[in-house]
Amino acid sequence: MTDLERELTTLCTTCGVCCNGVMFAYVEVAPDELRPETRRRLQVLDGEKRFTLPCRGHALEGCQVYEDRPHIC
Ligand code: SF4
C-alpha cells in the first residue's frame with residue numbers, strides 16, 4: 001500500500017461524513033453481501049436491499065464493521 005493509499009484509507013475510516021446521514025440517506029446492500037451479524041448490526045432487515053443512515057456501524061473511532069462493510073462503502 002502506498003503512502004497516499006494509507007492516508008486515504010485513514011481518512012475514510014475516521015471522517016464519517018458518508019456514514020452519518022449528512023450526504024446520503026441510505027446504503028444499498030446486495031443480498032449476498034455481509035455476514036449475518038453485520039446485517040443485524042447495520043439493521044438490514046430481511047428482504048431489504050438497503051439500510052438507512054446514520055449507520056449503526058459508525059463510531060468516533062470510525063467504521064466498526066470495516067472488514068465486512070458493504071461494497072458501496
Ligand atoms: S458500514 Fe461502515 S463505511 Fe458503511 S456506512 Fe456504515 S460505518 Fe460507514
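Both counts, for ligands and for their atoms, begin at 1 and track the order of listing.
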Those atoms of ligand 1 less than 4.0 Å from some heavy atom in [X]:
X: Cys73; answer: 1 (S), 3 (S), 4 (Fe), 5 (S)
X: His58; answer: 7 (S)
X: Val65; answer: 1 (S)
X: Cys55; answer: 1 (S), 5 (S), 6 (Fe), 7 (S)
X: Gly57; answer: 7 (S)

Heavy-atom side-chain contact between [X] and [Y] under 4.5 Å:
X: Cys18; Y: Leu53; value: no
X: Arg39; Y: Val29; value: yes
X: Val27; Y: Cys73; value: yes

*asked:* Quick check against the 3.5 Å criterion: does Glu28 have a side-chain atom that pairs as donor or acceptor with the backbone of Tyr26?
replied: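 No: the side chain of Glu28 does not pair with the backbone of Tyr26.
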
*Hey, is atom 4 (Fe) of ligand 1 within less than 2.8 Å of some N/O/S atom on Cys18?*
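No, outside the cut-off.
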
*In terms of residue, atom name and distance, what is the protein heavy atom nearest to atom 8 (Fe) of ligand 1?*
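Result for atom 8 (Fe) of ligand 1: Cys19 SG, 2.3 Å.
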
*Crowded around Tyr66 OH? As in, over 12 foreign heavy atoms under 6.0 Å?*
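More than 12 within 6.0 Å, yes.
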
*Is it true that atom CZ of Arg41 has more than 12 heavy atoms of other residues, nucleotides or ligands lying nearer than 6.0 Å?*
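Atom CZ in Arg41 is crowded, with more than 12 foreign heavy atoms closer than 6.0 Å.
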
Using atom types as modelled, flag every donor-acceptor pair under 3.5 Å from a side chain in residues 30-37 to any protein atom, sequence neighbours excluded.
| from | atom 1 | to | atom 2 | distance (Å) |
| --- | --- | --- | --- | --- |
| Glu33 | OE1 | Ala30 | N | 2.8 |
| Glu33 | OE2 | His71 | N | 2.4 |
| Arg35 | NE | Glu37 | OE2 | 3.0 |

*So which of Gly62, Pro54, Cys63, Gly21 gets nearest to atom 2 (Fe) of ligand 1, if we judge by its closest heavy atom?*
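Ranked by closest heavy atom to atom 2 (Fe) of ligand 1, first place is Cys63.
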
*Classify the contact between Pro70 and ligand 1 as side chain, backbone, both or neither, using a heavy-atom distance cut-off of under 4.0 Å.*
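It is the side chain that touches ligand 1; the backbone stays farther off.
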
